[in-house]
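Just so we're on the same page: letters track the sequence lines, and every chain starts at 1. Because the structure is a prediction, the values reported are computed rather than measured.
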Amino acid sequence: MVSGIVSYGVYIPNYRIRLQEIARVWGEGEDISESLQVFEKSVPDMDEDAVTIAVEAARTALMRADLDPCRIGAIYVGSESHPYAVKPTGTIVGEAICTSSDFTAADFEFACKAGTAAIQACLGLVSSNLIDLGLAIGSDVSQGAPGDMLEYTAAAGGAAFVIGRDNLVAEIEGFFSFTTDTPDFWRREGMPYPEHGGRFTGEPAYFKHIISAARGLMERLGTDPEDYDYAVFHQPNGKFPMRVATKLGFSREQIEPGLVVPFIGNTYSGSCLIGLAATLDVAKPGEKIFVTSFGSGAGSDAFSITVKHRIEDIRCRAPSVRDYIANGRYLDYAMYAKHKNKLRL
Amino acid sequence: MTTNAPRFWRCIPQRYNLIGTHCRSCGEYIFPPRNLCPTCRRVAELEEYRFKGTGTVITHTTIYNATEDFERQTPYDLAIIQLDEGPRVTGQIVSCPEVKIGMRVRPVFRILGKEGDRGIIYYGTKFAPLADFSYESEKSLSKK
């Protein structure tokens with residue numbers, strides 16, 4: 001059974017802060033942008049959260065392909081910043097996009113890869129003919145404690161993918177996951193900010209999991225990096241995806257169209273999916289995309305995708321990722337702190 | 001704690017998706033929804049109607065001293081917006097450095113308020129400048 005992406009939509013908040021501005025406040029050198037290869041990051045408005053971002057991305061995905069929301073049989077939202085600990089984000093998304101009530105919903109949490117886990121769950125239901133369409137969303141207003149290294153990249157954004165069997169814009173030929181118990185990054189219940197293991201988040205976490213999932217999928221499908229026109233890897237900063245691409249044998253040209261972290265920061269559950277959306281914004285029919293997410297904790301999901309002709313029909317019906325990137329308004333650190341609710345009244 | 005959850009829940013369709021009323025008898029569009037057409041009364045033929053959400057700013061003000069629920073957001077812009085179908089609604093304008101009378105706006109999904117740190121979160125519709133995405137045609141927005 002062929003299944004894949006029927007439509008997609010993204011949402012990136014309007015506000016930005018330059019990393020130099022954060023570095024100015026905490027006395028870091030201005031070269032932090034260069035070392036992270038991130039120059040600015042998106043900041044949510046005071047009335048935006050993972051739900052509002054998920055809704056905007058989902059509405060854009062439906063608009064792009066002119067889909068009847070009543071066809072959706074499952075809504076899975078991946079985030080590590082669901083505003084409710086108990087009350088699913090997916091219920092609010094369903095109501096806001098006017099689905100019928102005949103759908104299943106659940107919130108997913110797997111650090112930065114909860115969105116790709118949601119795609120896998122939708123693929124299962126769609127491919128087994130249990131539902132017509134599934135809606136998978138990765139959405140986050142990620143948190144970084146003031147002064148922590150995470151603060152330089154923790155951003156806001158999301159992407160929604162409608163998964164189905166007909167009128168595909170891209171076929172998902174296969175996926176492969178690699179999961180271990182690796183405590184590289186975590187947030188305990190009730191804590192406002194996550195903790196991380198510093199350099200431990202690199203080799204034993206990000207690189208090991210992405211490389212294992214990517215190699216596992218290519219081995220299963222009998223493909224090589226040169227068989228793909230584009231590649232997207234999770235983007236916690238600008239260095240890691242470039243380095244993992246090189247280790248796997250992908251080139252800078254293959255990852256550049258989907259490399260959005262230098263301009264919007266790390267959107268966590270949205271990161272890899274916004275990168276995929278940016279790649280779909282430019283890919284031509286017949287071209288192949290290799291995608292591998294990473295979620296701390298830790299795990300990676302790798303996907304092999306082939307773009308279909310329908311992409312040409314629907315691509316321009318909604319804003320592209322680059323349109324959102326170009327639409328930023330800059331904040332200083334004081335306004336940023338107000339937006340992120342870091343000020344106690 | 002006390003909660004207004006049932007009251008909010010009853011308003012979800014109108015707050016999330018601007019669901020109002022249309023009278024097929026006289027053609028009038030009504031928001032918020034009503035059970036009676038003020039013009040046709042007993043001969044009214046009412047149906048549920050989802051407003052496009054696009055409209056024009058009729059007048060606006062900036063709030064500097066807000067109630068406790070909104071004090072973190074000050075200063076913020078509040079406007080009376082004439083929806084394209086006719087009714088006027090009061091709404092917050094977001095993502096806009098300078099609100100102007102006659103400005104075209106589109107609906108966006110935002111947090112309207114919260115019942116403190118423990119209560120429910122009220123979501124709903126606010127408005128942003130239509131010009132943010134110039135190619136975002138009004139036709140495509142009506143489908144959104």
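Your options are B:Gln73, B:Glu71, B:Gln92, B:Arg15, and the one with the most heavy-atom pairs under 4.5 Å with chain A is B:Gln73. Of the listed residues (A:Ala96, A:Pro69, A:Pro13), the greatest number of heavy-atom pairs within a distance under 4.5 Å of chain B belongs to A:Ala96.
Judged by distance alone, the side chain of A:Tyr84 and the main-chain N or O of B:Ile121 form a donor-acceptor pair under 3.5 Å.
Closest of all the heavy-atom pairs between B:Asn17 and A:Cys98 is ND2-SG, 3.3 Å. Here the closest heavy-atom approach between residue B:Ile111 and residue A:Thr52 is recorded as N-CG2, 3.8 Å. For the pair B:Ser95 and A:Arg329, the tightest heavy-atom approach, listed with the atom from each and the gap, is O-NH1, 2.7 Å. Closest approach of A:Glu95 to B:Tyr16, counting heavy atoms only: CG-CD2, 3.5 Å. Listed here is the closest heavy atom pair of A:Tyr11 and B:Arg110: OH-NH2, 3.7 Å. The heavy-atom pair separating A:Lys338 from B:Arg72 by the smallest distance is CE-O, 2.9 Å.
Taken to the nearest 0.5 Å, the CZ atom of B:Phe109 stands 8.5 Å off from the CG atom of A:Asp49.
For B:Lys126, the part sitting under 4.5 Å from any heavy atom of chain A is the side chain, from C-beta outward, and nothing else. In this structure, chain B has heavy atoms under 4.5 Å from both the backbone and the side chain of A:Ile92. Residue B:Ile19: no heavy atom, backbone or side chain, is found under 4.5 Å from chain A.
Applying the 6.0 Å contact sphere to CD of B:Glu47 captures more than 12 heavy atoms from other residues, nucleotides or ligands.
Residues B:Val108 and A:Glu48 have side chains not in contact (no heavy-atom distance under 4.5 Å, counting atoms from C-beta outward).
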